[in-house]
Amino acid sequence: MNFFHEIRKHILAAIQALVADGDLPEGTDASRVTAEPPRDESHGDISTNAAMVLAKPAGKNPRELAEKLVAKLQNIGLIAEVSVAGPGFVNIRMVDEFWDQQLLTILEAGADYGKSNLGLGEKINLEYVSANPTGPIHAGHGRVAVVADVLANLLEKVGYAVTREYYINDAGGQAKKLACSSYLRYREALGEDIGEIPEGYYPGPYLKDVGQAIADRDGDKWLSLDEEEWLDPFREFAVNAMMSAIREDLKLMGITHEVFTSEMDLQRSGAVDRAVADLEEQGLLYTGVLEPPKGKVVEDWEPRPQLLFKATEFGDDVDRPLKKSDGTWTYFTGDIAYHYDKFQRGFKQMINVWGADHGGYVKRIVSAVNAITRGDGRLDVILSQMVNFFDNGVAVKMSKRAGTFVTVRDVIEKVGKDVFRFMMVSRKSDAHLDFDFKKVMEQTKDNPVFYVNYAHARSHSVMRMAKQEFPDIDPTQLSDAPLKRLRDEDEIRLLKLLAGWPRQVEIAAQAHEPHRLCYYLYEVAGQFHMLWNKGKDEAILRFILPDDRELTRARLAMIKGVQAVIASGLTIFGVEPVEEMH
RNA sequence: GCGCCCGUAGCUCAGUAGGAUAGAGCGCAAGAUUCCUAAUCUUGAGGUCACAGGUUCGAAUCCUGUCGGGCGCACCA
């Protein structure tokens, strides 16, 4: 569906023809030859760097080579014009009918437009959120979650078999704290005065419910027992409670994971031991003493022999410890086992999306994945920067202690899932994002969420109006409309824009950068709104022309195209394309 | 001290795996419009792409260094 691929095939064929003619050497490598839109639309529709890339190895002048290429491309159907420009660009312009054909393709595909099989069905594991199961999801995690979820949709769109996965960190110190905090609340539920929640415990009131629930179920049976007796059951109960709350939060965001993997289960199943044994077998473990960290004072630091993984052999800065001083595994060790587990489940490609504050951990886990998969597995980590929340320009201060931190639920209840999701992917993920509660709710063209969805709604509105004017027009049967009458320069421009959608989807998917699609959709919406406005000045450009049924049908076809592309895009975002604004 | 990310118009940001004269929105300036299909429209000014080198046909993009900002830096996750 990406017509640039089609044109590139023609270019490659032309290059082969030049090889046959002796103008290029046998075995010419055309892999760097591109077919992409020129920066300036006045240059044409497609531009190729072929002559410039091939000139040097062939010992030719780029412009001369370009001229020869032009001769080969000139008579191919639907190409209107081929010319040489600048240092040796070959610019191609398509005939207008070409865009009509693209529109027909769009109409046929509907909201599936942009779908492709680029991924060849390859399995990709996308791990995201993976927040500690110790409380509701913070709004900061919300961005990570949405960026990853949209990326998952995007990769599916281009033909990957994506598994959305959540790693439950239920084995470490935080989970233990959660269990202890819950035990405290349990005692409280049984009437004990527990006073202030001690430092280091989770003070959140949501744990009261957990304590109460255990008291209701078990009465005072845990009260007289030692910690080692109640710790595991309390942890399990609390983690389950937190996870179901987290699932609710995720659901609010429109996110559903297919697989949840528990760190505890991995340990109990022996997966961690097996991973360590594997690294040992490869000779990648040793016991040693690390240098103290520089530039940061660690009060209780002491030289201590530790079990270390040779991360430096795989590009990390220092070797990394696998065991804590109390003899339990570090988080890292469990994580290695987890990624090994994913690999063994058939995922050669893994993507993790984390908050930017975990950036320091990336090299470590990537090097471990390289080691334990013998280079056959690839882990890509995407970092997502913080979100700064504002309310009408005033920064919203967040403090966990003061209880003023913003949860995902808070935000969704205020602005809705769709606005939240759209805004969260509207910027490059490694850039900070400002989120203003007031601005994102505004119904003006300054608000991109509104602007894009309004274009979709407006397109439906036009269809409704058309139905009144021409009750006999079937909006699903427009493929025989006289598209060649769509010849205003802005109509052509819109058609070209729409035809570029599959390429945008591919680029965004390959770069793992869904935010690009926001900008593109904004452009489509803008071009559509512009045409609408143009109809105010030039009556002939109005979409519905009571005395010209066929031109109306052509215009409706174009509008269906706009609908398809915007719906296709918003669906990737997990945003519902609305048919009416309220 | 080290590692990672970032630095583009007054502001917020794009920049399509190295392409041609670096773009958009807001704001600013000028003008149009009170019409209609649904929430105005058009035009304009505005830039040493942080800085300095390098790589090559060609650099905002890649490499090196400098400056500035963010994050992180045994045994937390």
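Below, read A as the first sequence line, B as the second, and so on, with proteins coming before strands; counting in each chain starts at 1.
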Checklist entry - Looking at the side chain of A/Lys363, which of B/A38, B/C4, B/G15 is the nearest nucleotide? => result B/C4
Item to check | Candidate nucleotides B/U16, B/A14, B/A39, ranked by approach to the side chain of A/Tyr519 - the nearest | outcome: B/A14
Checklist outcome for this item: pair_partner(B/A20), Watson-Crick or wobble, both distances < 3.5 Å, evaluates to none
Next on the checklist: Over all strands shown, is A/Gln510 touching base, sugar-phosphate only, or nothing at heavy-atom distances under 4.0 angstrom?
Outcome noted: base
Next on the checklist: Can you tell me how the ring of A/His460 sits relative to the ring of A/His456, calling it parallel under 30°, perpendicular over 60° and tilted otherwise?
Outcome noted: tilted
Checklist entry - Taking atom P in both B/U55 and B/C73, what distance in whole Å separates the two? => result 39 Å
Checklist entry - Below 3.5 Å, does any donor atom in the side chain of A/Thr444 face an acceptor in the base of B/A39, or the other way round? => result no
Checklist entry - Please give, in whole Å, the distance from B/C71 P to A/Leu383 CG? => result 14 Å
Checklist entry - Which of the following nucleotides, B/C73, B/C57, B/C6, is nearest to the side chain of A/Asp430? => result B/C6
Checklist outcome for this item: Rounded to whole Å, CD of A/Glu291 lies from P of B/C73 at a distance of 18 Å
Next on the checklist: Using 30° and 60° as the class boundaries, would you call the ring planes of A/Phe332 and A/Phe309 parallel, tilted or perpendicular?
Outcome noted: tilted
Checklist entry - Over how many whole Å does the gap from A/Asp316 atom CG to B/C73 atom P extend? => result 14 Å
Next on the checklist: To the closest 0.5 Å, what do you measure between CD (A/Gln385) and CZ (A/Arg143)?
Outcome noted: 7.5 Å
Item to check | Nucleotide opposite B/C2 in a Watson-Crick or G-U pair, distances under 3.5 Å | outcome: B/G72
Next on the checklist: For B/C75, does the base pair up with any side-chain atom of A/Arg304 as donor and acceptor (N or O, under 3.5 Å, distance only)?
Outcome noted: yes
Checklist entry - Is there aromatic stacking of A/Phe89 against B/A20, centre distance under 5.5 Å, plane angle under 30°? => result yes
Next on the checklist: Let me confirm one number: the CD1-CD1 distance from A/Ile7 to A/Ile46, rounded to the nearest 0.5 Å.
Outcome noted: 4.5 Å
Item to check | Aromatic-base stack, A/His432 on B/G70, cutoff 5.5 Å, angle under 30 | outcome: no
Item to check | Distance-only donor-acceptor test, A/Asp357 side-chain atoms vs B/A77 base atoms, 3.5 Å | outcome: no
Checklist entry - Hey, is A/His358 stacking on B/A77? Ring centres under 5.5 Å, planes under 30°. => result yes
Checklist entry - In whole angstroms, how far is the C1' atom of B/C11 from the CZ atom of A/Phe390? => result 13 Å
Next on the checklist: What contact category does A/Gln443 fall into here, base, sugar-phosphate, or nothing, at under 4.0 angstrom with non-hydrogen atoms?
Outcome noted: base
Checklist entry - Which is true for A/Pro87 with a 4.0 Å heavy-atom rule: it touches a base, it touches only sugar-phosphate, or it touches nothing? => result base
Checklist entry - In the structure shown, which nucleotide is the Watson-Crick or G-U wobble counterpart of B/G46, with both distances under 3.5 Å? => result none
Item to check | Nearest-angstrom distance from the residue atom CZ of A/Arg364 to P of B/A77 | outcome: 11 Å
Next on the checklist: Under 3.5 Å for both donor-acceptor distances, Watson-Crick or wobble: does B/A9 have a partner, and if so which one?
Outcome noted: none
Item to check | Modelled atom types, side-chain donor and acceptor of A/Ser83 and A/Asn91, under 3.5 Å | outcome: no
Checklist entry - Taking the six-membered ring for Trp, are A/His515 and A/Tyr519 parallel (under 30°), tilted (30 to 60°) or perpendicular (over 60°)? => result perpendicular
Checklist entry - Nearest of B/A77, B/A38, B/C75 to any side-chain atom of A/Arg464? => result B/A38
Next on the checklist: Need to verify one output field. Residue with the more 5' nearest nucleotide on RNA chain B, A/Ser47 or A/Gly535?
Outcome noted: A/Ser47
Next on the checklist: I need the CG-P distance between A/Leu531 and B/U42, as an integer number of Å.
Outcome noted: 11 Å
Checklist entry - What does A/Met465 touch in the nucleic acid at a heavy-atom separation under 4.0 angstrom: a base, only the sugar-phosphate, or nothing? => result sugar-phosphate
Checklist entry - Got a second to check how far A/Met242's CE is from A/Ser182's OG, nearest 0.5 Å? => result 6.5 Å
Next on the checklist: At 4.0 Å (heavy atoms only), tell me whether A/Lys56 reaches a base, stays on the sugar-phosphate, or touches nothing.
Outcome noted: sugar-phosphate
Checklist entry - When we call it a touch if two heavy atoms are under 4.0 Å apart, what does A/Pro448 touch: a base, just sugar-phosphate, or nothing? => result nothing
Item to check | Integer-rounded Å distance: B/A77 C1' and A/Leu266 CG | outcome: 16 Å
Item to check | Spatial distance of atom CG (A/Leu498) from atom CD (A/Gln527) [nearest 0.5 Å] | outcome: 9.0 Å
Checklist entry - Which nucleotide in the set B/G19, B/A20, B/C41 lies at the smallest distance from any side-chain heavy atom of A/Asn49? => result B/G19
Next on the checklist: Taking pairing as Watson-Crick or G-U wobble with both contacts under 3.5 Å, can you name the mate of B/U34, or confirm there isn't one?
Outcome noted: none
Next on the checklist: Within the 4.0 Å heavy-atom criterion, would you say A/Gly359 contacts the bases, only the backbone, or no part of the nucleic acid?
Outcome noted: nothing
Item to check | Closest nucleotide among B/A74, B/G15, B/U16 to the A/Lys428 side chain | outcome: B/G15
Item to check | Closest-nucleotide 5' rank along RNA chain B - winner of A/Arg32 and A/Phe543 | outcome: A/Phe543
Item to check | Separation of atom CD1 in A/Ile46 from atom P in B/G19, rounded to whole Å | outcome: 17 Å
Next on the checklist: What's the closest nucleotide to the side chain of A/Ala431 if the choices are B/A14, B/U37, B/A20?
Outcome noted: B/A14
Checklist entry - Of all the nucleotides listed (B/C75, B/C13, B/C36), which has the minimum atom distance to the side chain of A/Arg427? => result B/C13
Checklist entry - Closest to the A/Asn91 side chain: B/A20, B/A77, B/C73? => result B/A20
Next on the checklist: Under 4.0 Å, heavy atoms only, any strand: does A/Ala85 hit a base, just the sugar-phosphate, or nothing?
Outcome noted: base
Next on the checklist: Nearest to the A/Tyr361 side chain among B/U16, B/A39, B/A77, which nucleotide is it?
Outcome noted: B/A77
Next on the checklist: Mind checking if A/Pro37 touches a base, just sugar-phosphate, or nothing, with heavy atoms under 4.0 Å?
Outcome noted: base
Next on the checklist: So for A/Arg516 and B/A14, does any side-chain atom that can act as donor or acceptor lie under 3.5 Å from a complementary atom in the base?
Outcome noted: no
Item to check | No-H, no-angle donor-acceptor pair, A/Asp300 side chain to B/C75 base, under 3.5 Å | outcome: yes
Checklist outcome for this item: As its Watson-Crick or G-U partner within any shown strand, both distances under 3.5 Å, B/G53 has B/C63
Next on the checklist: Considering every strand and a 4.0 Å limit on heavy-atom distances, what is the contact class for A/Asp40: base, sugar-phosphate, or nothing?
Outcome noted: nothing
Next on the checklist: Is it the case that the side chains of A/Gln174 and A/Asn169 hold a donor-acceptor pair, with the cut-off being a distance below 3.5 Å and no angle test?
Outcome noted: no
Next on the checklist: Can you tell me whether the side chain of A/Arg458 and the base of B/U37 have a donor-acceptor pair closer than 3.5 Å?
Outcome noted: no
